[in-house]
Amino acid sequence: MAMVKATLVEAINAALRQEMERDKRVIVIGEDVGKDGGVFRVTDGLYARFGEERVIDTPLAESGIVGTAIGLAVSGLRPVAEVQFDGFVYPAFDQLISHAARIRNRSRGRFHCPLVLRMPYGGGIKALEHHSEAMEALFVHLPGCKVVIPSNPYDAKGLMVSAIREEDPVLFLEPKKLYRAFKQEIPEEPYAVPLGEARLVREGTDVTVVSYGNMARVSNDAAELAQEQGISAEVIDLRTVSPLDKKAVVDSVKKTGRAVIVHEAPRSCGVGAELAATIARRAILSLKAPMERITGCDIITPYPRLEDYYLPNPKRVLNAIKKTMSDF
Amino acid sequence: MAMVKATLVEAINAALRQEMERDKRVIVIGEDVGKDGGVFRVTDGLYARFGEERVIDTPLAESGIVGTAIGLAVSGLRPVAEVQFDGFVYPAFDQLISHAARIRNRSRGRFHCPLVLRMPYGGGIKALEHHSEAMEALFVHLPGCKVVIPSNPYDAKGLMVSAIREEDPVLFLEPKKLYRAFKQEIPEEPYAVPLGEARLVREGTDVTVVSYGNMARVSNDAAELAQEQGISAEVIDLRTVSPLDKKAVVDSVKKTGRAVIVHEAPRSCGVGAELAATIARRAILSLKAPMERITGCDIITPYPRLEDYYLPNPKRVLNAIKKTMSDF
Amino acid sequence: MPKKVAYEGRVESWSVMDKDGKTDEKMMPKLSKEQVKEMLRWMVLARVFDDKCFKLQRQGRMGTYAQSTGQEACQIPVALAMQEQDWVFPCFREHPIILMRGFPMAQYLWYWGGDERGMKVPEDVNVFPVAVPVGTQMLHAVGYAWGSKLQGKDVATVTYFGDGGTSEGDFHEAMNFAGVFQTPTLFVCQNNQWAISVPRKKQTRAETLAQKALAYGFEGIQVDGNDVFAVYAAAKHALDKAHAGKGPTLLELMTYRMGDHTTSDDAKKYRPPEEIAYWRERDPIDRLKKYGKANGLWDEGFEQKCLDDAVATVEKAVEAYEAFPKPEPEDMFKYMYKEMTMDLTEQMAMLKRWLDEERQE
Amino acid sequence: MPKKVAYEGRVESWSVMDKDGKTDEKMMPKLSKEQVKEMLRWMVLARVFDDKCFKLQRQGRMGTYAQSTGQEACQIPVALAMQEQDWVFPCFREHPIILMRGFPMAQYLWYWGGDERGMKVPEDVNVFPVAVPVGTQMLHAVGYAWGSKLQGKDVATVTYFGDGGTSEGDFHEAMNFAGVFQTPTLFVCQNNQWAISVPRKKQTRAETLAQKALAYGFEGIQVDGNDVFAVYAAAKHALDKAHAGKGPTLLELMTYRMGDHTTSDDAKKYRPPEEIAYWRERDPIDRLKKYGKANGLWDEGFEQKCLDDAVATVEKAVEAYEAFPKPEPEDMFKYMYKEMTMDLTEQMAMLKRWLDEERQE
Ligand SMILES: Cc1ncc(C[n+]2csc(CCOP(=O)(O)OP(=O)(O)O)c2C)c(N)n1
Ligand SMILES: Cc1ncc(C[n+]2csc(CCOP(=O)(O)OP(=O)(O)O)c2C)c(N)n1
Ligand SMILES: [Mg+2]
Ligand SMILES: [Mg+2]
C-alpha cells in the first residue's frame with residue numbers, strides 16, 4: 001500500500017476527497033467551505049475538484065446548516081457539514097438534539113440521518129473567545145449522535161471514512177492544536193477505522209491513562225516522562241467518546257489497578273466523570289488507589305493569556321500518575 | 001408564622017407574587033405567561049395583579065426570550081423568564097451558554113445577569129414528545145448557571161425566592177409530575193432556601209440514596225420499602241445540581257459505606273456520573289460495595305406508552321439498594 | 001443623489017369565494033366537479049376525525065391532541081394541488097393533509113396515542129414525521145427540496161407552520177436558505193390568529209405575515225384560508241413555480257383555530273366569544289357546501305353520504321387503533337442507531353432485569 | 001374580491017456626498033464645523049489604530065484581530081448622533097465607535113491581546129462587551145432598550161452586525177422583539193459585501209438588506225456607508241425616532257471591508273482586485289477630506305495634525321498595553337459567580353497545587 005506523509009488537516013482532506021470520489025451522494029456544506037477551503041483549509045481544493053453543486057457555501061446560520069443537512073440526508077444525500085468553530089455549534093444544538101439525533105427513533109427506523117458534522121475542536125491555539133471549546137460531553141449525554149475526536153492523522157482519515165459511511169449522525173471534532181502539529185505516514189488509499197473502538201497507544205502495567213484528542217498526545221508525553229521515573233503507564237486513546245469503549249478502559253484498569261483520566265473539557269459531568277463512574281462500578285476491586293481526573297476546570301475557557309494555566313499538560317498528568325502510585 | 005397548604009404550583013406562584021411585590025424590578029416574561037397564566041398555571045393571577053408591563057407575553061421564540069432577558073437584566077431589571085417546556089430550551093442554549101453564563105466572567109464583573117429561567121421539567125405526565133426531558137446535566141457541565149430542581153412545595157418556594165435574589169443566572173427546573181401531586185404546609189411569608197445546600201430527607205445508616213426532583217420522592221418511597229426489609233437508607237435531596245453539595249453526599253457515604261444515585265436524565269455524563277466519580281475519589285475507602293446508578297437510559301425519552309418502563313421507580317431503586325447490601 | 005427608492009415590495013391578497021359560497025369567476029381555478037367533491041369528502045372526513053380524537057382524549061383513550069377544526073381548507077386543497085412525488089413536512093396540526101396524502105388513519109392514531117410506531121411512515125407516503133418543536137420542520141423541508149434539486153429530481157416540498165412559528169429563528173433560516181438556494185418549497189403559514197393565548201398582533205408588528213417573504217427575496221401571498229378555491233389557486237401557483245425551478249413561495253392562509261390549542265388548553269381564558277362567532281360564520285366546510293349546492297354539484301344526500309362514510313372510516317380506524325398490541329420495551333433501544341451500541345445492549349439487558357425484578361415482586 | 005394588495009412596502013436609499021466630496025445641500029444634515037472636524041479626527045484615529053493593531057498582530061505582540069479599515073464612516077457619525085445615555089452593543093469590528101464612546105484605548109487593546117480584563121468596561125462607558133458569536137448581540141440591545149423603556153428611562157441602544165449576521169436566527173428574533181415591543185433600538189448593519197469569503201449575494205436573495213425590516217413592521221433604510229453625512233443623517237433620524245418612543249429602525253450601511261476578514265484570513269483567495277480598487281476610490285476618509293478642503297473647513301496642516309495626534313495617542317496606548325502586568329490564574333475562577341462556589345474554590349486550590357508542582361520541576 002502506498003504511503004504518504006500527512007498532517008491531520010491533509011488526512012481529513014484526503015478522506016473527504018476520496019469519499020466524494022467514491023460516492024457522489026457525499027456533499028460538503030458550510031460557511032466558507034468553498035473557494036476559501038474552510039478557515040483551517042480542511043476542505044481546500046474540494047470546490048475546484050467537485051464544483052459548486054457538491055461543495056457549497058451556505059449563509060451564516062448554524063441551525064440552518066444542520067437543519068437543512070437533515071433534509072439533505074433524508075433526501076438521499078450524505079452531507080458533510082461544517083460548523084466553523086466548536087463554540088458556534090450551540091445555535092445548531094436544537095436541530096442536532098431534537099431532530100438529527102432522533103429521526104431514526106422517532107420514525108422507528110423509517111428515516112435516518114447520515115450526517116457528518118465536522119468542527120474544529122478544543123484549545124491550545126491562543127484564539128479568540130468561543131474558539132477553544134470542548135463540548136463533547138453534551139453529545140455524549142444526550143443520545144443519538146456519535147462523537148469522534150481523533151488524535152493523529154492516521155486515525156483521523158480512517159475515522160472520517162467511517163463517519164461518512166455511517167448511517168447515523170456523527171459529530172467529528174478536529175483538535176485544532178493538532179491540525180498541523182506533525183505529519184504521519186498514512187496510506188494513500190481510503191481505509192476505515194471503526195467508530196467506538198479505543199486504541200492502545202502504549203502498553204503499560206502500573207497505571208492506565210485514558211484520554212482522546214490532543215489530550216491523548218499530552219497523556220502519551222506524560223507516560224514518557226513517567227517511564228523515565230520508572231512508572232509504566234498504559235495509554236488509551238478513546239478516539240470516539242460516543243460510543244465509549246468502556247471495555248477497553250475497564251480491562252486495562254483491571255490490569256493496572258490505577259487510572260488517570262484526562263480531557264480538556266470542563267470537569268463536572270464530563271466524559272471523565274462517566275469513565276470514573278464506570279470504572280468505580282466495574283473495576284473497583286482492582287483499584288489500588290483513587291482515580292485521578294485531570295480535566296479543564298468548571299470555568300469559562302480563558303482567553304489566550306490564561307489559557308496555558310487552564311489546559312492540562314504533560315506535567316499535570318505526570319503528577320496525577322505519580323499520585324496514583326501511592327496506594328491506599 | 002402563618003402557614004398555608006400549597007401545591008408546588010401554588011408555592012412557586014406565591015414566591016413569584018411576593019418577590020414581585022417586594023421588588024418592582026422583578027418582571028415575568030415568556031410564552032403565554034400573561035392572561036393564560038402559563039400552560040401549567042404557574043404564573044396564574046400575576047397578569048391581573050401586576051399588569052402587562054410586568055407580566056409580559058412574548059413572541060414564540062426561546063432564544064429571543066433568553067437573549068432579551070439578558071438585556072433586561074443588564075438594564076437593571078430582574079427578569080423571571082419561562083421556557084414553556086424543558087424540551088424547548090435548546091433553541092435558547094446558545095444565549096444561555098455563550099452569554100447569560102459568561103457575561104460576568106467576560107466583563108470581569110462589570111456586568112452580570114440576574115436572570116431566572118423557569119421551566120417545567122421531567123417526565124411522568126404522559127405528555128407529547130419533547131415535553132418530558134431531563135437536561136440538567138448540560139448546565140452542570142457547561143458552567144456559569146446555577147441549576148435548581150425542587151422536590152416539594154416548601155423547597156420550591158424558598159428556592160425560588162433565593163433564585164430571584166441571586167445575582168447570577170439560575171435555571172429553575174420544576175418537576176411537572178409534582179406540580180399538583182400533593183400539598184404541603186408552607187409559610188405564607190417569603191423565606192429563602194439557600195442554593196447549593198442539599199437536604200437530608202431521611203436519616204439512615206446502611207446506604208445513602210442521592211437524588212433530586214421527582215426522583216427524590218421516588219427515592220424516599222424506596223427507602224420506606226427498604227425499611228420494611230430492615231435496611232436503613234439515608235436519603236439526600238440535592239435541591240440544586242449546580243452547585244452540587246458534594247460535601248453532604250460524601251459525608252453521608254463515608255457514614256453508610258454504600259451509595260445509590262437516582263435521576264431520570266440519561267445516564268452517560270449525567271449528574272450521577274459526577275457524583276459517582278466524586279464519591280470514588282473522596283470516599284472510596286469507605287465503600288463497602290460498588291455504587292449503583294439508577295437513571296434514565298441513554299435513549300430518547302419514550303412516548304407515553306413506554307414511558308413507565310423508562311422512568312426510575314421505587315422498586316428499581318429498592319433493588320439497587322438491596323444490591324449494594326451484598327458487600328464486596 | 002437624494003433619497004431614492006432602493007426597493008419596493010408588495011403582497012397580494014387572494015380570495016375566490018365569499019362566505020356565502022359565491023365565487024369570483026375570474027379567480028376561480030380549474031377544478032373538475034369530481035375534484036371539488038373530493039375536497040368536500042376529505043374535509044368532512046377530517047372534521048369527523050378531529051371530533052373523534054377530541055372525544056377519545058376526553059375519554060382517556062388517547063393522549064393530548066391538537067384539533068384542526070376550522071383549518072381544513074388550509075390543507076385539503078394543498079394536497080390536491082401537490083404532485084404525487086411531492087412531500088409534506090408538517091407541524092402538529094396537519095391531520096387533514098397527512099391523511100389525504102395517504103397516511104393510514106389507524107397508524108396515525110397510534111402516534112397520538114403515545115406510540116412511536118405511529119410515525120413509522122409507510123414507504124409510499126411522502127410525509128415527514130410530526131414536528132413538535134415549533135418552527136424546526138421548515139429547515140427539513142428546505143433541505144429535502146434542495147437535496148432533490150441537487151439530485152435532479154422533480155420534487156417539491158410543502159411545509160406547514162403557524163403564525164407563532166414565524167417568530168422562531170429557524171423560520172428565518174429556513175426562508176433564507178430557500179431563497180438563496182431557490183429550493184422548490186412551499187411555505188404554508190396557517191395564520192389561525194392565535195399561538196396558544198398569544199394573539200397574532202402580539203406575535204409580530206408586521207401588517208401581514210405574507211410580507212415576511214420579502215425579506216428573503218421571494219413571493220408571499222395572503223390568502224383566505226377558509227376558502228378552498230383560493231387556497232387551491234395559490235398552492236397550485238406556488239407549486240407550479242416550484243416545479244418549474246422558480247423557487248419558493250410563502251402563503252399566509254388566514255384562518256381560525258376553532259377549538260382550544262390542544263386538549264390541555266382552555267381557550268375561554270383568553271379569547272372573546274364574538275371572535276369565535278365571527279369565524280364560525282366563515283366555516284370552510286359550510287362555505288364549500290353552499291357553493292356545491294348553489295352550483296348543482298351535489299344535494300343533501302351527497303353531504304349525508306360524505307358524513308356517513310367518514311364516520312364509518314373513522315370508527316374502523318379507531319377499532320384498529322385500540323386493537324393494536326402494546327409496544328415492547330426493547331423498542332426504546334433498537335432505533336437509536338442502525339446497530340445497537342455495546343452500551344445500549346447492556347442498558348437494554350439491565351432494563352430487562354429491572355422489569356423482571358419488578359414483575360416478580 | 002379578486003387579487004387585492006394586502007401590503008406595500010418600500011425602502012429608501014440615502015446618500016449625501018458623492019465620491020469626490022460634493023454634497024447634496026437638500027440632504028445635508030445640520031452639523032457644526034467643529035462636529036465635522038471631530039468626525040475627521042476620530043476617523044483618522046480609528047484608521048491609525050487599525051493599522052497599528054494589524055502590525056502588532058503580525059509582530060506577535062497581539063492576537064487575532066479584525067480590521068475596521070474602510071468602515072469608519074459607518075461608526076463615527078453614529079457615535080456623534082447618539083445621546084450620552086445611549087448604549088452600543090457591538091459585534092467585533094466596532095473599534096471606531098467603541099473608542100469614540102470613551103472606551104480607554106489601552107484597555108481595549110488588552111482584550112485583543114487575549115486578556116479578559118480588556119472587557120471590564122469602565123462604569124461610565126456605555127458599551128457592552130465585544131460579541132464574538134455572530135448575530136447574538138442584537139437581542140441584548142433589544143432587551144436593554146426594552147428594559148430601559150419599562151423603567152421609564154430615555155435610553156436608546158445601537159447594535160452592530162454585518163451582512164452575514166443577518167442570516168442568523170437571533171437576528172430575526174431580535175428584530176421581531178424590537179418591533180413587537182417597540183424598543184428604542186437602532187440596528188446598524190454594516191454591509192461590507194462579504195462574510196469572510198461569502199459574498200453578499202450568496203448570503204440572502206433579498207435585493208437589499210434594509211428591506212428585511214419590512215418583515216417586522218418597521219423602517220429600513222439603505223445608506224451609503226462611506227458617506228459620513230448620509231450615515232449621520234440616517235442615524236440621527238433613527239435615534240430621534242427611538243427617543244420619541246417611535247420604535248426601532250434598521251440601517252443598511254453600504255460599505256466595504258478593505259482588509260482581510262481577520263489577521264488569520266487571506267482575502268486574496270476569494271476576492272477580485274478590481275472590487276477592492278473600486279472601493280478604494282470611495283474611501284470614507286478621503287471623501288471627507290475632499291469635502292473639508294473644498295468647503296474651507298480645513299487645510300493640509302489640519303489633516304497632518306489629526307494624523308500626528310492619532311499616532312501619538314495610539315503609541316501611548318500601545319505602551320500602556322504592553323506594560324500591563326499579566327493576569328493571575330485566580331481570575332479564571334473569581335468571576336464565574338458573585339461568590340465562588342465550594343467546587344470552584346477547590347478547583348482553584350487544585351490548580352494552584354498543579355501550578356506549584358509544575359514550577360518546582
Ligand atoms: C420551540 C417550541 N416552543 C414552545 C412550544 C409550545 N407550543 C406548542 S404549540 C405553541 C403555539 C403555536 O402557535 P402557532 O405556531 O400559531 O400554531 P398553532 O398552534 O396556532 O397551530 C407553543 C407555544 C413548542 N412546541 N415548541
Ligand atoms: C455563530 C458564529 N458562526 C460563525 C462565526 C465565525 N465567523 C466570524 S465572523 C464571520 C463572518 C461575519 O460576516 P459579517 O456578519 O458580514 O461581518 P463582517 O466580518 O463582514 O464584519 C464568521 C463566519 C462566528 N463568529 N459566530
Ligand atoms: Mg396559530
Ligand atoms: Mg460582512
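Sequence lines set the chain letters: A, B, ... in the order given, protein chains first and strands last, and positions in each chain run from 1.
Proximity to chain C (any heavy atom under 4.5 Å) is shown, for Thr58(A), by both the backbone and the side chain. With a 4.5 Å cut-off on non-hydrogen atoms, Ala61(A) touches chain C through its backbone and its side chain both. For Ile56(A), the part lying under 4.5 angstrom from a heavy atom of chain C is the side chain only. Thr136(C) touches chain A through backbone and side chain together, each having a heavy atom under 4.5 Å away. Heavy-atom distances place both the backbone and the side chain of Lys146(A) under 4.5 Å from chain C.
Atom CG of Asp168(A) is separated from atom OH of Tyr337(C) by 7.5 Å, given to the nearest 0.5 angstrom. To the nearest 0.5 angstrom, Thr278(A) atom OG1 is 7.5 Å from Asp343(C) atom CG. Distance check, rounded to the nearest 0.5 Å: CZ of Phe333(C) to CG of Asn105(A) gives 10.5 Å. The NZ atom of Lys334(C) sits 13.5 Å away from the CZ atom of Arg104(A) when rounded to the nearest 0.5 Å.
A heavy-atom distance below 4.5 Å is not found between the side chains of Ser107(A) and Val121(C). Side-chain contact between Trp146(C) and Ile29(A) is present, with heavy atoms from C-beta onward closer than 4.5 Å.
A salt bridge does not link Glu53(A) with Lys149(C): none of the charged nitrogens is closer than 4.0 Å to a carboxylate oxygen.
Below 30°, between 30° and 60°, or above 60°: for Phe111(A) and Phe128(C) the angle between ring planes is between 30° and 60°, a tilted geometry.
Counting heavy-atom pairs closer than 4.5 Å to chain A, the top-ranked of the candidates Met119(C), Gln151(C), Arg117(C) is Gln151(C).
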Practice problem: Please test Gln95(A) against His140(C) for side chain to side chain contact (heavy atoms under 4.5 Å, CB included), starting from the C-alpha separation and ending with a verdict. | Solution: CA-CA 10 Å; Gln95(A) 285 291 343; His140(C) 311 151; 2.8 Å; yes

